[in-house]
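Single-structure report; data block below.
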Amino acid sequence: MENDINSKFLKPYDPKETEDKIYKIWEESGFFNPDVCIEKGVTDKNAEPFCMVLPPPNVTGTLHIGHAAMLTIEDIMIRYARMQGKRTLWLPGTDHAAIATQSRVEKNLEKEGIKKSDLGREEFLKRVEKFAQDSHDTIINQSKKMGSSLDWSREAYTLDADRNLAVRTAFKKMYDDEIIYRGHRIVNWDPKGQTVISDDEIVYEERKAKMYTFKYSKDFPISISTTRPETKVGDTAVAVHPEDSRYSDYIGKTFTINDFCGVKLEIKIIADQSVEKDFGTGALGVTPAHSQIDAEIAQRHNLPTKQVINEFAKMTVGDERILDKKTTIAREAIVEWLKNENLLENEEEISQNVSTAERTGGIIEPLPKLQWFINVNKQIKDRDNKTLKELMLEPVKNGEIKIIPNNFERVYYNWIENLHDWCISRQIWYGHRIPVWYRKTINNYELGITNENNTEIYCNINPPEDIENWEQDPDTLDTWFSSGLWTFSTLGWPNIEAKDLKTYHPTDVLETGYDILFFWVARMILMSTYILGEIPFKNVYLHGLVRDGQGRKMSKSLGNALDPLEVSEKYGADAVRMSLIIGTGPGNDSRMSEDKIRAYKNYANKLWNITRFVLSSTPNIKYDANFNNYSNVDLELIKERDEFIKEITKEMDEYKFYLVGEKIYQYTWSRFADVIIEESKIILSGNDKIAKESREQFLFDTLVKILKVLHPFMPFVTEEIWSMMPIDNKKLLMVEEWPKSERP
RNA sequence: GCGCGAUUAGCUCAGUUGGUAGAGCAACUCAUUUACACUGAGAAGGUCGGGGGUUCAAGUCCCUCAUCGCGCACCA
């Protein structure tokens with residue numbers, strides 16, 4: 001019987017006509033779900049599991065090209081594992097991204113002239129949820145367009161009911177273990193976002209600033225330097241180095257300054273090791289309420305704390321010159337006053353790092369506030385008296401968790417060494433509400449302001465029964481708290497008997513951008529080792545940023561951003577996937593250009609035409625995967641091909657996808673098409689029946705193998721071609737077996 | 001200040017345990033309807049950032065300098 005060549009091959013390959021259709025076939029097959037694979041007999045029920053969780057994209061809009069790169073790398077790993085017969089799960093989800101989402105919606109409302117306070121908490125949250133839902137739908141749709149073989153039946157959201165239960169359960173456990181505590185400390189306050197943020201959410205921006213050197217008063221014996229004169233109205237001490245002979249006579253004395261720009265100061269001279277003799281005047285004005293370092297000094301020396309700046313970055317002391325003025329205005333006023341009083345000794349332009357909030361851009365104001373923290377230095381009984389820091393460090397040090405590329409291991413250690421307690425409470429509305437209730441009393445309860453540690457506290461997974469006597473903490477949790485639980489909250493935890501949890505945790509690979517190594521990867525290790533006593537994943541594969549052709553960051557304002565959907569529409573998702581993979585080693589930034597994508601679109605078509613040639617040259621073939629009557633010439637070619645497959649299989653296992661993609665490209669094009677097919681024309685038109693049959697089988701067999709190894713990279717075109725291959729009893733290509741390099 | 005990268009063809013990048021410098025893209029010359037013009041053949045293009053060292057042998061290992069990029073810390 002003659003095999004009819006599909007007439008589709010007479011036209012160039014058209015990804016537009018193909019990709020949506022193919023994705024639908026995959027979805028309807030159910031094979032994205034490992035349970036279905038077992039049910040339908042394509043995966044052995046005792047097969048080794050392989051699991052990845054998708055780093056949940058933020059529901060702040062749409063996917064960018066970086067997401068497309070992430071989806072591609074992960075889909076390659078997943079499809080490869082599935083074709084190797086593993087019980088393969090890739091679990092999707094999205095992230096509520098607390099601050100990021102809330103501030104996006106706030107900005108949108110601002111355009112309509114609406115403030116969130118006008119709406120109130122409930123109404124505002126409805127708006128955020130609507131926005132989040134729309135973003136979610138867009139994101140899911142985009143992920144499908146990229147060909148991601150995610151198990152949609154297990155989709156999760158960091159703020160849905162199951163994840164909320166996980167969050168409350170984790171919080172309660174940490175509270176009971178005294179890992180979570182409430183404390184009055186200097187925190188990073190974002191006046192723009194009106195919330196506290198963690199150290200990791202600070203972005204340093206180098207800016208020019210003026211450093212002023214002056215005395216508090218004419219009689220004061222020591223000059224000090226600062227870039228923030230307005231904070232000096234909150235000074236309670238001047239610190240000098242203990243061995244600084246210039247100032248030793250003054251140590252221990254207290255000076256009263258009756259009028260420092262309208263404010264009375266009591267300044268004690270103290271000696272502290274942390275002061276550098278050679279910096280500035282060698283003397284440091286101590287402002288305990290508005291500097292982390294100063295607060296530490298103040299604590300060591302029992303100094304009073306005097307808050308002079310409020311949550312709106314406005315002054316709370318002084319007279320009309322500074323009272324209620326923004327810090328920047330007050331600064332000018334004080335400098336002006338210093339000049340008039342002849343106290344200013346020096347004014348110098350320096351460059352300094354200004355702390356800004358990652359999401360709002362607001363300049364951070366250190367303020368003393370009562371907040372919730374995770375203690376990273378407390379010894380934990382259930383974990384061999386190790387601290388969270390140690391728990392995070394150990395599995396990476398001893399190789400239980402491998403980071404690829406491994407130079408990031410040192411970066412990780414470096415971060416842990418400098419780690420302070422993690423502030424987890426946020427004064428925003430969109431997020432997991434803190435599962436803590438305070439007893440209402442008549443006079444001592446005002447939310448978050450006068451409320452002190454002596455209030456009766458109830459912390460539990462569920463609210464107290466006599467709820468009318470209690471008020472829940474108004475704050476929500478840092479978004480990374482729920483993200484930290486992601487590897488197991490998505491698999492059924494806190495039900496520790498959940499089948500998925502038992503089967504798939506620890507997960508195999510966590511693939512994500514190196515930019516969230518601390519935010520996310522470290523926090524997952526923290527949560528998993530502490531809560532479950534096991535690592536969250538065995539391998540961490542870090543990818544870099546996708547930049548434009550000139551190496552610049554892609555951004556809307558530069559106009560160089562490539563929209564993954566737009567280019568997929570134009571060149572096909574397969575071409576976009578290939579161009580995102582090739583030339584991209586782990587941990588390195590990569591470059592993207594339309595030229596590159598176009599090249600891989602041509603490749604898809606090349607493969608299409610190779611198929612056309614092979615099928616039209618073998619019209620009577622009865623493909624036999626175990627054919628053994630090969631000519632000597634063909635045996636040589638088989639040897640070479642199988643060597644090639646062996647090599648790329650090894651490289652797949654070493655996560656060198658950028659290499660494998662390129663090698664398959666080269667083998668198919670430069671070797672198979674340009675040389676082998678050209679030579680075949682002579683053999684196929686000749687009279688040697690044996691040689692002809694051998695060559696037909698070889699061409700067909702090699703095409704089959706190319707389709708298989710290429711499938712993880714270019715799933716759409718390979719599946720489409722596969723569907724038209726005259727092969728008996730074939731499955732979908734996505735669940736076919738990855739070729740073995742050894743011949744029987 | 002501490003740490004991490006990078007520097008190889010015009011551009012983007014590979015380069016395994018040290019063993020005759022590789023690929024893609026671009027540009028150049030030729031072929032002209034071929035399975036495929038979303039094509040084929042060919043040629044060109046490199047003191048591997050500089051200097052020093054180890055070695056029979058260094059793009060690769062060691063030291064040093066330079067330039068670029070990044071992270072963390074400091075930021076009186």
Side-chain angles (χ1 to χ4, degrees), chain A residues 5 9-14 199-200 202 204 206-207 209 211-213 223-229 231-232 235 238-240 274-276 278-287 291-294 297 350-355 405-419 514-515 517-518 544-545 547 549-551 571-572 575 578-579 582-585 587-617 647 650-651 654 656 658-659 661-663 665-666 669-670 673-674 677-678 680-681 699:
Chain A
I5 299 175
F9 283 116
L10 300 176
K11 285 185 297 176
Y13 172 61
D14 181 3
D199 296 345
D200 293 293
I202 291 176
Y204 294 103
E206 191 161 304
R207 291 188 190 172
M211 178 138 91
Y212 303 94
T213 303
S223 305
I224 56 161
S225 299
T226 183
T227 52
R228 298 198 60 189
T231 63
K232 298 292 105 183
D235 282 11
V238 163
V240 298
S274 67
V275 180
E276 281 178 44
D278 303 329
F279 193 99
T281 62
L284 162 67
V286 182
T287 321
S291 154
Q292 205 98 241
I293 302 287
D294 293 9
I297 295 175
I350 58 158
S351 74
Q352 65 163 9
N353 284 334
V354 176
S355 312
N406 61 10
N407 58 287
F408 277 97
E409 290 175 3
R410 292 190 67 169
V411 178
Y412 178 78
Y413 300 147
N414 189 258
W415 176 78
I416 290 178
E417 275 162 32
N418 290 310
L419 187 63
Y514 64 72
D515 51 330
L517 179 63
F518 310 140
L545 255 60
R547 297 173 178 276
Q550 282 120 60
Y571 302 103
M578 274 300 257
S579 58
I582 292 177
T584 313
N588 284 318
D589 293 352
S590 58
R591 300 192 183 195
M592 249 323 244
S593 62
E594 280 201 52
D595 278 352
K596 202 172 168 188
I597 304 173
R598 199 177 300 117
Y600 294 110
K601 176 184 164 54
N602 295 353
Y603 176 56
N605 193 56
K606 187 73 185 181
L607 190 70
W608 190 254
N609 278 298
I610 287 171
T611 310
R612 176 176 163 186
F613 176 84
V614 171
L615 295 188
S616 64
S617 309
E647 190 179 298
K650 182 169 168 268
E651 283 161 351
E654 292 166 348
K656 292 178 179 168
Y658 57 103
L659 261 185
E662 202 176 329
K663 282 185 177 172
Y665 175 94
Q666 275 184 55
W669 202 315
S670 311
D674 290 350
I677 283 184
E678 286 308 316
S680 300
K681 288 176 183 171
L699 289 177

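By the 4.5 Å heavy-atom criterion applied to side chains, A:T611 and A:W608 are not counted as neighbours.
Residue contacts shown for A:Y514 are absent, as no nucleic acid heavy atom lies under 4.0 Å away.
B:A9 sits 5 Å from B:G46 when the C1' atoms are compared, rounded to a whole Å. B:A26 and B:G10 have their C1' atoms separated by 8 Å, given to the nearest Å. When the P atom is compared between B:G3 and B:G15, the two are found 26 Å apart, to the nearest whole Å. Nucleotides B:U20 and B:G1 are separated by 46 Å at their C1' atoms, to the nearest Å. Spacing of C1' atoms, B:A66 relative to B:G50, comes out at 7 Å, to the nearest Å. Spacing of C1' atoms, B:C2 relative to B:U55, comes out at 34 Å, to the nearest Å.
For A:K606, a side-chain nitrogen or oxygen approaches OP1 or OP2 of B:G40 to under 4.0 Å. Between A:T227 and the phosphate of B:A76, there is a side-chain N or O to OP1/OP2 separation shorter than 4.0 Å. Neither OP1 nor OP2 of B:C25 sits under 4.0 Å from any side-chain N or O of A:Y603. Residue A:R410 places none of its side-chain N or O atoms closer than 4.0 Å to OP1 or OP2 of B:G3.
In a base pair of the Watson-Crick type (N1 to N3 plus N6-O4 or O6-N4) or a G-U wobble (N1-O2 and O6-N3), with each distance short of 3.5 Å, B:G22 is matched with B:C13.
Residue A:N605 places its side chain closer to B:C38 than to any other of B:C25, B:C75, B:C38.
For the ring-ring contact (aromatic ring centres under 6.0 Å, His included) with A:Y600, the qualifying choice from A:Y665, A:Y571, A:Y13 is A:Y665, the only one to do so.
Checked by distance alone, A:K596 brings no side-chain donor or acceptor within 3.5 Å of a matching partner on the base of B:C25.
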>> A:F518 vs A:I416, test: side chain to side chain contact (heavy atoms under 4.5 Å, CB included). Steps then yes/no.
In response: CA-CA 9 Å; A:F518 310 140; A:I416 290 178; over 6 Å; no
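Toward the 5′ end of RNA chain B lies the nearest nucleotide of A:G587, the other residue of the pair A:G587 and A:Y658 mapping further downstream. For the pair A:A239 and A:E662, nearest-nucleotide mapping onto RNA chain B gives the more 5' position to A:E662.
Between A:Y603 and A:W669, the ring planes are parallel. Angles under 30° get that label, and only those over 60° would be called perpendicular.
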